[in-house]
Amino acid sequence: MSRALVLLLAACTGSRTEAAPAARTAPSIDLKPVTSEALCVTKGELADGAVAVPTMRGFARGAGGDAAQLSFTYRGESQDSRALASGDVRRQLGLKLRAKNSCNVVYVMWRLDPRPKIDVSVKYNPGQSTHEECGAEGYKKVRSRAKHYVPAYEYGQSHTLRAEIIGDEIYVWTDGRVAFQGRLPDGARSLAGPAGIRSDNVSFDLVELAAPKGTDAAPPACKREGGAD
């Protein structure tokens, strides 16, 4: 089939091909360390810079939500384990972006099982804000445009996870290497909130959480949440 005929057929059917945005090899958004006073822990606890409980959630008051970086030292599995609302038990540690509330947020998780991978999802439940309202509903997975090697984090080792949203694209790095690039669903455009942190069934020392400077808008209220999303 000639190229001219292919172009004619595409025009007749209304199909079009969009070029994928170029991959980013390095982060571009400026970040500032989040102080312990600015970190609001909404589930679990952060004791003397360490997390040992099976479920931990938090966000950075006064921070922007389009990027974040987490540096940590892995201390093994948590002594107790806890299943998610879906019933799955996962070992994972990651970032929250645009965390409007418990029902509307972008998650970037560095999972250990069933194999090491970066899992990006958008939890989108318009009109809902608490775990009691949305539970584990509203999740939409984001697919990576290409396969990338993602290492496991091992006991006693320090690692860094970073993520940025540029337009509708999300980029992720593990230990300075590109690990994920994908397009966010349209619903993510309406999300606005700070960056944060999430962990499930892992113990770790929080070396540093960094995020961009936020806007003058009032941050979400710092209050405890129930459930395990």
Side-chain angles (χ1 to χ4, degrees), residues 39-59 68 70-99 101-125 128-144 147-163 170 172 174-175 179-180 182 185 195-207 209 223-229:
L39 182 59
C40 170
V41 177
T42 58
K43 294 181 185 178
E45 61 182 10
L46 177 66
D48 297 324
V51 174
V53 293
T55 302
M56 186 269 190
R57 307 284 188 272
F59 69 88
L70 170 64
S71 299
F72 64 96
T73 302
Y74 181 53
R75 296 301 181 191
E77 298 181 27
S78 56
Q79 184 173 0
D80 299 318
S81 62
R82 181 176 299 168
L84 303 177
S86 64
D88 295 331
V89 178
R90 295 174 181 157
R91 294 177 299 157
Q92 58 183 4
L93 178 60
L95 298 167
K96 300 198 294 184
L97 301 180
R98 297 183 179 177
N101 49 51
S102 182
C103 297
N104 298 275
V105 56
V106 179
Y107 284 118
V108 180
M109 304 305 299
W110 190 349
R111 286 189 184 175
L112 286 181
D113 36 35
R115 58 180 175 79
K117 64 175 292 189
I118 295 298
D119 186 85
V120 177
S121 60
V122 177
K123 190 177 185 183
Y124 184 58
N125 296 277
Q128 299 179 335
S129 61
T130 67
H131 179 81
E132 289 72 22
E133 292 175 316
C134 64
E137 299 297 321
Y139 278 97
K140 186 171 184 179
K141 296 289 187 182
V142 179
R143 296 183 62 181
S144 182
K147 292 184 178 180
H148 298 280
Y149 169 73
V150 177
Y153 34 96
E154 298 180 0
Y155 181 83
Q157 293 186 352
S158 296
H159 299 276
T160 299
L161 173 66
R162 179 163 180 148
I170 185 166
V172 183
T174 55
D175 296 334
F180 189 101
I197 184 175
R198 165 179 177 163
S199 69
D200 295 285
N201 301 311
V202 296
S203 297
F204 63 97
D205 296 334
L206 176 59
V207 177
L209 176 65
K223 59 183 181 180
R224 303 290 292 182
E225 300 174 356
D229 50 356

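In what follows, residues are counted from 1 in the order of the sequence shown.
R162 has no carboxylate O lying under 4.0 Å from a charged side-chain N of D175, or vice versa, which leaves the two without a salt bridge. Between R91 and E77, at least one side-chain N (NZ, or NE/NH1/NH2) sits under 4.0 Å from a carboxylate O, which counts as a salt bridge. A salt bridge links R75 to D205: one of the charged nitrogens lies within less than 4.0 Å of a carboxylate oxygen. In this structure, D113 does not pair ionically with R115, as no charged nitrogen and carboxylate oxygen lie closer than 4.0 Å.
Annotation for G58 and L39: closest pair C-CD1, 4.4 Å, computed over non-hydrogen atoms. Shortest non-hydrogen contact noted between S158 and T73 is OG-OG1, 2.7 Å. Annotation for A136 and Y139: closest pair O-CD1, 3.2 Å, computed over non-hydrogen atoms. Shown here for S71 and T160, the closest heavy-atom pair between the two residues is OG-OG1, 3.4 Å. For N125 against C103, the heavy-atom pair with the smallest separation is ND2-O, 3.0 Å. Of all non-hydrogen atoms in G94 and L70, the two that sit nearest each other are O-CD2, 4.1 Å.
Considering only heavy atoms from C-beta on, V105 stays 4.5 Å or farther from L97 through its side chain. No side-chain heavy atom of L206 sits under 4.5 Å from any side-chain heavy atom of V51.
Neither side chain, S78 nor S203, offers a donor N or O lying under 3.5 Å from an acceptor on the other.
Other residues, nucleotides and ligands contribute more than 12 heavy atoms inside 6.0 Å of the CD atom of E133. Heavy-atom neighbours of D48 CG from other residues, nucleotides or ligands within 6.0 Å: at or below the threshold of 12. Residue R224 qualifies as enclosed at atom CZ: its count of foreign heavy atoms under 6.0 Å is above 12. Environment of NZ in K223: sparse, with no more than 12 heavy atoms of neighbouring residues, nucleotides or ligands closer than 6.0 Å.
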One pair to check against side chain to side chain contact (heavy atoms under 4.5 Å, CB included): C40 and T42. What are the steps and the verdict? CA-CA 6 Å; C40 170; T42 58; 3.8 Å; yes
Before you tell me yes or no, could you show the steps for T130 and S102 under side-chain hydrogen bond (donor to acceptor under 3.5 Å, both in side chains), namely the whole-Å CA-CA distance, both residues' side-chain angles and the distance that decides it to 0.1 Å? CA-CA 6 Å; T130 67; S102 182; over 6 Å; no
Given the rule in the side chain to side chain contact (heavy atoms under 4.5 Å, CB included) test, do I197 and L95 qualify, once you have shown the distances and angles that lead to the verdict? CA-CA 5 Å; I197 184 175; L95 298 167; 5.6 Å; no
Residue pair V120, K141: steps toward the side chain to side chain contact (heavy atoms under 4.5 Å, CB included) verdict: CA-CA 6 Å; V120 177; K141 296 289 187 182; over 6 Å; no
Using the rule given for side chain to side chain contact (heavy atoms under 4.5 Å, CB included), can you reason through K123 versus E137, listing the C-alpha separation, both sets of side-chain angles and the distance that settles it, and then say yes or no? CA-CA 8 Å; K123 190 177 185 183; E137 299 297 321; over 6 Å; no
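Here D80 contributes atom CG and T55 contributes atom OG1; the two are 10.0 Å apart, rounded to the nearest 0.5 Å. The CD atom of Q92 sits 5.0 Å away from the CZ atom of R198 when rounded to the nearest 0.5 Å. A distance of 10.5 Å separates CZ in R111 from CD1 in I118, rounded to the nearest 0.5 Å. To the nearest 0.5 Å, atoms NE2 (H148) and NZ (K117) are separated by 13.5 Å. Note that the CG atom of L93 and the CG atom of N201 stand 11.5 Å from one another [nearest 0.5 Å]. Atom CG of D200 is separated from atom CE of M56 by 11.0 Å, given to the nearest 0.5 angstrom.
Screening W110, Y74, F204 for a ring pair (Phe, Tyr, Trp, His ring centres under 6.0 Å) with H159, the sole residue that qualifies is W110.
Taking the six-membered ring where the residue is Trp, the centroids of Y153 and F72 are separated by under 6.0 Å.
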